[in-house]
A.B. asks: 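Have a look at the structure that comes next, please.
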Protein chains: 2
Amino acid sequence: MRIGELARLSDCDVETIRFYEREGLLAAPAREANGYRSYTEAHLVQLNFIRHCRSLGIGLPEVRILRSFQARPELACEEINQLIDQQIGRIHQQVETLRLLERQLHALRDTCRATQRASECGILRNLAQAAEGEGCSCHPAGHAI
Amino acid sequence: MRIGELARLSDCDVETIRFYEREGLLAAPAREANGYRSYTEAHLVQLNFIRHCRSLGIGLPEVRILRSFQARPELACEEINQLIDQQIGRIHQQVETLRLLERQLHALRDTCRATQRASECGILRNLAQAAEGEGCSCHPAGHAI
DNA sequence: TAACAGTCTGTAGTTGATACAGGGTCAAGG
DNA sequence: CCTTGACCCTGTATCAACTACAGACTGTTA
C-alpha cells in the first residue's frame, strides 16, 4: 500500500510517517518504480505499535528501546518494566505539578472577580508581587499567592 | 548591575535573560563602555514578573499581553481575567489527560509483574495489541488496556 | 604575565512533529 | 491533447522556550 493508505489505516499523518522513517523508528519500505513508498502489513503493525506508545506519552527514544525488545524476544523484559515504571513516575510528577499550578491559578483568579481598571486588578498586582520597592499601584494589603 | 548578578538575583539563567531581551519581553538595558549590559532595579522587577508568569505556565505571548497591561493601567482588566481563565482551563485539561494516562500505564504495568523473557512480557504484548493478524506470541487471552 | 571568571555575538540543538515550496506521477474528463 | 485534481517526492523551515556551544573579548587577581 502507499503512504496515504497507511496514514488512513493508522490514523497518522503522512508527514509523521515519513518523519518516523527518517528517525529510524519505522522500517524504510520498498519503492515502486516511480519512487513511491510501498508498505506492507508489517509496516502497519509497526506503526500502530509506535502510535500506541506515543499515545501513552512514551518518548521516541523509549519507543526505540521497546522496538528492539520486540526484535529480540529472548531477552529479559526487566528493562521494559523499568521503562514503564519510569514513565509512570514522570507522569505522576507532572500531574502533581499541574494540580499545584491549577490551585495557584484559581487563587490568583479569585483576586479579581470584577471587571475593573488594570491598575486595580488583583491578578496583575499579584503577578507583580515580586516587584517590591517599585513605585507601583499595588495595595500594601494585596497578598501574593 | 551586570547580567550575571541579575541572573543570580532572579534565579534565571544568563542565556535566558538574553533570550527574553531578543524576544522583546525584557527591555534592552544600557551598555557599559565595554559593551556589557547594565541593568537597573526596574529590569529585575520586570524579569521577576516574567519568571512568575512562566512558573504558572503562562506562555510568552500571554506574558507579553500582561506586560502591556502593566504599561497601560487605565485599560479594563477583562482580558487579564479571560487570559487566566483560559490558562486554568488548559491546565485542567492537561491534568485530566495525564491522570487517564497514569491509570492506563498502571494497568499496563500490572500485566507484567515478574521478570521474564521479553517474548512473554505482558507489557510488550499489550503495546503490540493493535498488531492483529500478526504471527506474534500474544496470548489470545491477553487483554489490551 | 598568566590564569580565570565573566561577558559578547551568533548559531545550532532540543522534542515531536507540522507546514510549506517546488516539483513529479497518474487517472479521469472535456 | 490538455487540464484538473489527487497523490507522491525531497528538502527545508517552523513551533516553544529555552539551552548549549564556538570563538572572541574584558577585567580582576596571583
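Per chain, numbering begins at 1; letters A, B, ... match sequence-line order.
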A.B. asks: Give, for atom CG of A:Leu105 and atom CD1 of B:Ile91, the distance between the pair rounded to the nearest 0.5 Å.
C.D. replies: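 Result: 6.0 Å between the selected atoms.
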A.B. asks: What range of DNA chain C does chain A touch, first nucleotide to last, counting atoms under 4.0 Å from its heavy atoms?
C.D. replies: C:dG16 to C:dC26
A.B. asks: Would you kindly say whether B:His43 and B:Thr40 are connected by a side-chain donor-acceptor distance under 3.5 Å?
C.D. replies: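 Distance-only check passes for B:His43 and B:Thr40.
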A.B. asks: Measure the distance from CD on A:Glu15 to C1' on D:dC9 and round it to the nearest whole Å.
C.D. replies: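 Taking CD of A:Glu15 and C1' of D:dC9, I get 11 Å after rounding.
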A.B. asks: Just by modelled atom types, is the B:Arg103 backbone N or O under 3.5 Å from a matching donor or acceptor in the B:Arg99 side chain?
C.D. replies: no
A.B. asks: For B:Leu60 and D:dC15, give me the distance from atom CG to atom C1', rounded to whole Å.
C.D. replies: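 Distance check: B:Leu60 CG to D:dC15 C1' gives 12 Å.
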A.B. asks: Please determine whether the number of non-hydrogen atoms from other residues, nucleotides or ligands lying under 6.0 Å from atom CG of A:Asp11 exceeds 12.
C.D. replies: no
A.B. asks: With a 3.5 Å cut-off and no angle check, do the side chains of A:Gln87 and A:Arg90 form a donor-acceptor pair?
C.D. replies: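 Their side chains do contain a donor-acceptor pair, which is all the 3.5 Å distance test asks for.
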A.B. asks: When the nearest nucleotide of DNA chain D is assigned to B:Arg18 and to A:Ser38 on a heavy-atom basis, which residue is associated with the more 5' position?
C.D. replies: A:Ser38
A.B. asks: Hey, any chance B:Ile17 and B:Tyr36 share a hydrophobic cluster, counting ILVMFWY side chains that come within less than 4.5 Å of each other, even indirectly?
C.D. replies: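 The answer is no; the residues belong to distinct hydrophobic clusters.
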A.B. asks: CZ of A:Arg37 versus P of D:dC7: gap in Å, rounded?
C.D. replies: 17 Å
A.B. asks: Taking protein heavy atoms under 4.0 Å as touching, what does nucleotides 24-30 of chain D look like 5' to 3' if B marks base contact, S marks sugar-phosphate-only contact and - marks none?
C.D. replies: --BS---
A.B. asks: What's the CZ-C1' distance between B:Phe19 and D:dC15, to the nearest Å?
C.D. replies: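 Interatomic distance, CZ of B:Phe19 to C1' of D:dC15: 12 Å.
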A.B. asks: When you match B:Arg22 and B:Ile3 each to their closest nucleotide on DNA chain C, which lands nearer the 5' end?
C.D. replies: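 Residue closer to the 5' terminus by nearest nucleotide: B:Ile3.
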A.B. asks: Restricting to non-hydrogen atoms, name the atom on B:Leu25 and the atom on B:Ile50 that form the minimum distance, rounded to 0.1 Å.
C.D. replies: O-CD1, 3.7 Å
A.B. asks: Once you round it to whole Å, what is the distance between P of D:dC9 and CD of A:Glu21?
C.D. replies: 9 Å
A.B. asks: How close or far is atom P of D:dC18 from atom CD1 of B:Ile58, stated in whole angstroms?
C.D. replies: 13 Å
A.B. asks: Is A:Arg54 touching bases, backbone alone, or none of the nucleic acid, heavy atoms closer than 4.0 Å?
C.D. replies: sugar-phosphate
A.B. asks: For A:Arg64, answer base if it contacts any base atom (sugar-phosphate contacts may also be present), sugar-phosphate if it contacts only those atoms, and nothing otherwise; contact means non-hydrogen atoms under 4.0 Å.
C.D. replies: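 If one applies the 4.0 Å heavy-atom cut-off, A:Arg64 turns out to touch nothing in the nucleic acid.
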A.B. asks: Find the distance A:Glu5:CD to D:dC8:C1' and express it as a whole number of Å.
C.D. replies: 14 Å
A.B. asks: I'd like to know if A:Ile58 and A:Ile65 are part of one continuous hydrophobic network [Ile/Leu/Val/Met/Phe/Trp/Tyr, side-chain heavy atoms within less than 4.5 Å].
C.D. replies: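 Yes, it is one cluster - the side chains of A:Ile65 and A:Ile58 are joined through contacts under 4.5 Å.
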A.B. asks: Would you call A:Ile3 and A:Tyr39 a side-chain contact if the rule is heavy atoms closer than 4.5 Å?
C.D. replies: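 Yes; the side chains approach each other to less than 4.5 Å.
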